[in-house]
Every structure is written in structure tokens, then in C-alpha cells.
A.B. asks: 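Following this message is one structure expressed as C-alpha cells.
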Amino acid sequence: MEYTWDFKIVLDSLPLLLRGLVVTVELWVVALAVGLSLGLAVSLARISARAWLNGPAIAYVEIFRNTPVLVQLIWFYYAFPIVLGQQLSPFTAAALGLTLNTSAYSAEIFRGGILSIARGQWEGARAIGMTRAMTMRRIILPQVMRRMLPAFTNRAIELAKVTSLASLLAVNEIMYEGRLISSTYYRPLEVLTVVALMYFLLIYPGSYLAARLERRLAARG
Amino acid sequence: MKYQWDFPAVWGHFDMLLVGLLGTIKLAAVAIVFGVVIGFAVALLRMSHRRALHVPATAFVEFYRNTPPIVHFFWFFYALPIVIGLSLEPFTAAALALSTQSGAFYAEVFRGGIVSIERGQWEGARALGMSYRSALRRVILPQALRRMVAPFVERSFELTKTTALASSLAYAELLYQAMQVNSITFRPMEVYTTIALMYFIVLFAASNLMRLVEARLARIG
């Protein structure tokens with residue numbers, strides 16, 4: 001059977017796809033920025049010696065890491081509003097789910113980084129009169145950020161891919177627009193292929209840079 | 001507003017959720033087996049010196065690593081049937097999407113493991129008169145396999161969580177079954193919390209079990 005390709009439909013609906021791409025990027029930026037900051041707070045709670053701080057932090061991280069992210073998004077959209085007593089917009093529910101998910105994964109990255117810094121640095125900073133908070137901010141975290149940069153970039157790449165799940169909550173990001181267009185014109189082959197390529201163009205530069213960065217850091221030791 | 005919890009309403013349909021859990025396990029098992037086979041083949045192609053072999057293999061890996069899984073699911077379900085002129089069952093489409101995608105990730109696990117073995121071992125084996133194949137099978141792989149265990153396990157957990165996306169193709173895995181139970185009981189809070197716990201228990205138990213296995217393997221060395 002000979003199939004006649006028709007990319008005109010895709011070209012005509014490019015403005016819609018691009019609008020979807022903007023929403024994808026919005027979701028990505030919000031979840032990444034808030035998720036990373038929250039992740040730092042969670043990691044500090046997790047390495048704390050106080051059980052009432054690290055207990056809940058461990059539970060938080062393990063729950064988000066051991067359940068599918070799609071289930072989390074669906075939970076925040078359909079179940080959470082019942083506790084809250086207020087309906088959330090699809091975008092808010094998706095952003096909330098993705099942010100908390102990102103915070104759990106990045107908490108583990110922060111924790112790994114903080115624990116990898118030699119004890120002597122803490123002692124040295126104490127010896128010259130720095131407080132714990134100041135040592136963390138001025139000595140430990142700058143090194144953690146550098147050392148963990150490849151891990152954070154990988155997380156950012158994962159997150160960019162995961163934003164596509166928001167389409168299942170009817171957030172009008174690129175995957176959602178793609179499915180809408182493909183079912184309207186009945187051209188899934190062309191539309192879904194183009195959507196896949198658009199994601200590739202969005203994500204590949206980041207992962208290429210991340211791989212180079214990783215090699216450079218590894219070479220420097 | 002005080003919310004009246006009603007878990008028993010959901011647990012009355014626990015048999016449906018168990019069917020879903022079995023569906024999840026079946027899909028994950030099939031995708032792991034096929035993914036490993038694809039991954040091993042792709043890894044060997046990627047390490048080949050012939051451009052005609054390693055360029056397509058690299059493109060395969062990079063494409064899958066830089067596009068979201070949900071796009072693969074929809075592509076295999078809606079677009080591939082147009083190319084092959086044959087419609088696919090949801091299970092078949094989901095299994096194809098998951099095994100090719102995890103094939104790309106497993107390929108990197110295999111390649112990483114094989115590349116991590118020092119060059120000298122290859123040279124030594126060749127000096128003893130071993131062919132490329134028997135050097136790979138008898139000298140390199142036995143050592144590399146042990147180093148691959150941890151990343152392989154991690155990837156398989158990711159894959160198991162990704163099976164939840166098959167719900168969007170109406171394959172009866174755990175999340176899809178939960179949606180059915182929700183449409184009977186109208187209890188999203190209880191339903192989605194129950195399946196989140198089911199995922200958590202299975203994945204958390206499995207990951208602790210694997211940690212024991214890894215520790216045992218590390219001791220054997």
C-alpha cells in the first residue's frame with residue numbers, strides 16, 4: 001500500500017504547535033526553578049540529625065521516587081482538590097506535581113553532593129569562626145553546584161520530557177496540541193512525527209552540552 | 001468542609017486493581033526482556049568501527065533519549081499502523097514503545113560497562129589468540145556484567161514506572177484499572193491514593209531487595 005504523506009496540515013497548524021511549545025517551556029521553567037529550591041530545603045532536612053526533620057524528608061523523597069510520575073499528576077489533578085476543597089486548573093495541578101517530583105529527585109542530588117565534600121572543609125570553616133549556615137552557603141554549596149552540575153542537567157532533561165505527561169490532564173502544551181491536530185485532520189503519522197522532532201530539537205542541545213560538560217569535569221578530575 | 005473518607009468503597013473493587021497490577025507486571029516483564037535483547041544488539045553496533053553500523057545505532061539511541069516516552073506510545077499506537085497497514089493492540093503498541101525505548105537506554109548501560117574495562121584486557125585476550133567474539137564473551141562481558149547491575153536495575157525501575165503511560169492507550173494496567181474503579185465509585189481520592197500505595201509497596205520492596213543483591217554481588221567482587 002502506497003501512503004501519501006501530507007505535511008501541509010502540519011505546516012498549517014504550526015502556530016498551534018508553537019503555542020504548545022511555549023506552554024511546555026513555561027511548565028518546564030516553573031517546575032525546574034521551584035523544584036530545585038524546594039529540593040535544597042528537603043535535602044537539608046534529610047541530612048539533619050533530628051529525626052522529626054529527616055523522617056518526613058525521607059518519606060517525601062521515597063514516595064515521589066517510587067511511584068510513577070503520571071500517577072502523581074493524576075493524583076494532584078483529581079484527588080488533591082478533594083482535600084483542598086478547591087478545583088485546580090490543569091496547568092496548576094501539572095506544575096505542582098512536576099515541581100514536587102523534581103524537588104524529590106534534586107534533593108537526592110544535593111544530598112549526594114553535600115556528603116561528598118570532605119569533612120575537613122566543615123572543620124576548617126568552623127575553625128575560622130563561620131557558623132553552620134554561613135559554611136553551607138559560602139563553602140559547601142558553591143562546590144556542590146559545580147560538582148553536581150551534570151546530575152542537575154540530566155534532571156532538567158528528564159523534566160523536559162516529563163512535561164509531556166501534562167497533555168493527559170489536558171494542559172495545552174505541545175503534545176496535547178499535537179494529539180488534537182492529529183485527530184482533527186486524521187494525520188497522526190505526520191503530526192506525531194513532527195511533534196517528536198520538535199521535542200528532539202528542544203531537548204538535544206541540552207543533553208549534548210551536558211555530555212560535553214560531564215567529560216570536561218571528568219577530565220579535570 | 002469535612003471530607004468523609006470511604007476506602008472500603010474502593011477496596012470492594014480490589015480484584016480489578018489486582019488485574020491491573022498483573023497487567024503492569026506483564027508489560028514491564030515483556031519490555032525488560034525485549035529491551036535487553038535490543039539494547040545488547042544496539043550496543044555492539046554502536047561500538048563498531050564501521051560507520052554504516054555505528055551511525056544508525058547512535059541516532060537510534062539519541063532519538064529515544066531525547067524525546068518523551070508518551071510520544072513513543074502514541075506514535076506506535078496511532079502512526080505506525082498507517083505505515084504497516086495493520087492496526088495494533090494497545091498491549092502490542094505499548095510493548096513496542098517500551099522495549100525500543102528501554103533498548104536505547106539499556107544499550108548505553110551495556111556500552112558503559114564494556115567501555116569501562118581497560119584496553120589492556122582486550123589486548124591481552126587478543127595476544128592469547130582469542131577472536132573478538134571469544135574475547136568479548138569470555139573476558140570482557142563477565143567483568144562488565146557485574147558493573148552493569150546497578151545501572152541496569154535503575155533503568156528497569158524507570159521502565160516499570162513508565163508502564164503507567166500505557167493507560168492512555170487503554171491497556172488494562174494498574175492506572176487504567178484505577179480510572180475504571182473511579183468511574184464506578186466516584187472516589188478519586190481513595191482510588192488514586194490506593195494505587196499510589198500499591199506502586200510504592202511493589203517498587204520500594206523490589207528496590208530494597210535489589211540493594212541486598214547488589215551488596216552481595218559487591219562482596220563477591
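The model shown is predicted, which means the values in this text are computed figures rather than measured ones. Naming: A, B, ... by sequence-line order, numbering from 1 per chain.
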A.B. asks: Would a 4.5 Å heavy-atom cut-off, applied to side chains only, mark B:Met179 and A:Ile74 as touching?
C.D. replies: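 Yes, their side chains come closer than 4.5 Å.
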A.B. asks: Got A:Tyr204 and B:Arg65 here, is their nearest side-chain heavy-atom distance under 4.5 Å?
C.D. replies: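 The answer is no, as the side chains (C-beta and beyond) never meet within the 4.5 Å cut-off.
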A.B. asks: As an exercise, state the distance from NZ of A:Lys161 to CD1 of B:Ile70, rounded to the nearest 0.5 Å.
C.D. replies: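 Output value for this atom pair is 13.5 Å.
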A.B. asks: Quick one, A:Leu192 and B:Val71 - any side-chain contact, counting heavy atoms below 4.5 Å?
C.D. replies: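 In short, these two side chains do not touch, never coming nearer than 4.5 Å.
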A.B. asks: Could you tell me whether the side chain of B:Val83 reaches within less than 4.5 Å of the side chain of A:Leu189, counting heavy atoms only?
C.D. replies: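 With C-beta onward as the side chain, the pair touches.
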A.B. asks: Please round to the nearest 0.5 Å and tell me the distance separating atom OG of B:Ser167 and atom CG of A:Leu70.
C.D. replies: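 Separation between the atoms: 5.0 Å.
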A.B. asks: Where on B:Glu190 is there a heavy atom nearer than 4.5 Å to chain A: the side chain, the backbone, both, or neither?
C.D. replies: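 Neither part; nothing is under 4.5 Å.
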A.B. asks: Taking all heavy atoms of B:Ala164 and all of A:Pro68, pick out the closest pair and write down the distance.
C.D. replies: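 Closest approach of B:Ala164 to A:Pro68: CB-CB, 3.8 Å.
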A.B. asks: Identify which of A:Val195, A:Leu165, A:Ile157 forms the greatest number of heavy-atom pairs closer than 4.5 Å to chain B.
C.D. replies: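 Maximum pair count with chain B is reached by A:Leu165.
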A.B. asks: How about B:Phe7: does its CZ atom have over 12 heavy atoms from other parts shown lying under 6.0 Å from it?
C.D. replies: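 More than 12 heavy atoms, drawn from other residues, nucleotides or ligands, come within 6.0 Å of this atom.
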A.B. asks: Take atom CZ in B:Phe91; do more than 12 heavy atoms of anything else shown fall under 6.0 Å from it?
C.D. replies: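 Buried by this count: over 12 neighbours within 6.0 Å.
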A.B. asks: Would you find more than 12 non-hydrogen atoms of other residues, nucleotides or ligands less than 6.0 Å from A:Phe152 atom CZ?
C.D. replies: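 Yes, enclosed.
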A.B. asks: Quick check on A:Phe7: does its CZ atom have over 12 non-hydrogen neighbours (other residues, nucleotides or ligands) under 6.0 Å away?
C.D. replies: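 Counting neighbours around CZ of A:Phe7, more than 12 heavy atoms of other residues, nucleotides or ligands fall under 6.0 Å, so yes.
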A.B. asks: Give the member of B:Glu62, B:His72, B:Met198, B:Lys161 that has the highest number of heavy-atom pairs under 4.5 Å with chain A.
C.D. replies: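 Sorted descending by pairs with chain A, the first entry is B:Lys161.
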A.B. asks: Out of A:Tyr77, A:Tyr78, A:Trp75, which one pairs with B:Pro188 under the side chain to side chain contact (heavy atoms under 4.5 Å, CB included) rule?
C.D. replies: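 Going through the options one by one, the only one that passes is A:Tyr78.
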A.B. asks: With a 4.5 angstrom heavy-atom cut-off, could you sort out which part of A:Ile63 is near chain B: side chain, backbone, both or neither?
C.D. replies: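 For A:Ile63, backbone and side chain are both near chain B.
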A.B. asks: State, yes or no, whether a side-chain contact exists between B:Tyr78 and A:Ser182 at a heavy-atom distance under 4.5 Å.
C.D. replies: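 Not in contact.
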A.B. asks: Give, as side chain, backbone, both or neither, the part of B:Thr160 having an atom under 4.5 angstrom from any heavy atom of chain A.
C.D. replies: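 For B:Thr160, there is no contact with chain A at all, as no heavy atom is under 4.5 Å.
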A.B. asks: Once you round to the nearest 0.5 Å, how far does CG of B:Asn66 lie from CG of A:Leu197?
C.D. replies: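 Spacing of CG (B:Asn66) from CG (A:Leu197) equals 12.0 Å.
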A.B. asks: Does the pair B:Phe200 and A:Glu62 meet the rule for a side-chain contact (heavy atoms from CB on, under 4.5 Å), with working shown?
C.D. replies: CA-CA 8 Å; B:Phe200 180 81; A:Glu62 293 298 338; 4.1 Å; yes
A.B. asks: Of the backbone (N, CA, C, O) and the side chain (C-beta and beyond), which part of B:Phe63 lies under 4.5 Å from a heavy atom of chain A, both, or neither?
C.D. replies: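 Both the backbone and the side chain of B:Phe63 come within 4.5 Å of chain A.
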A.B. asks: What part of A:Thr193 is in contact with chain B, defined as an atom under 4.5 angstrom from a non-hydrogen atom: side chain, backbone, both or neither?
C.D. replies: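 Contact with chain B involves both backbone and side-chain atoms of A:Thr193.
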A.B. asks: Do you know which of A:Arg187, A:Met175, A:Gln72 has the most heavy-atom pairs under 4.5 Å to chain B?
C.D. replies: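 Among the listed options, the one with the most contacts to chain B is A:Met175.
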A.B. asks: Using a 6.0 Å cut-off, check whether atom CD of B:Glu154 has over 12 heavy atoms from anything other than its own residue.
C.D. replies: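 Open.
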A.B. asks: What's the shortest heavy-atom distance between A:Tyr105 and B:Glu158, and which atoms?
C.D. replies: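 What the structure gives for the nearest pair is OH-OE2, 3.9 Å.
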A.B. asks: Other residues, nucleotides and ligands only: do more than 12 of their heavy atoms fall within 6.0 Å of CD on B:Gln143?
C.D. replies: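 For B:Gln143, atom CD is crowded (more than 12 foreign heavy atoms under 6.0 Å).
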A.B. asks: Can you find a pair of side-chain heavy atoms, one from B:Ser207 and one from A:Asn66, that are under 4.5 Å apart?
C.D. replies: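 Yes, their side chains come closer than 4.5 Å.
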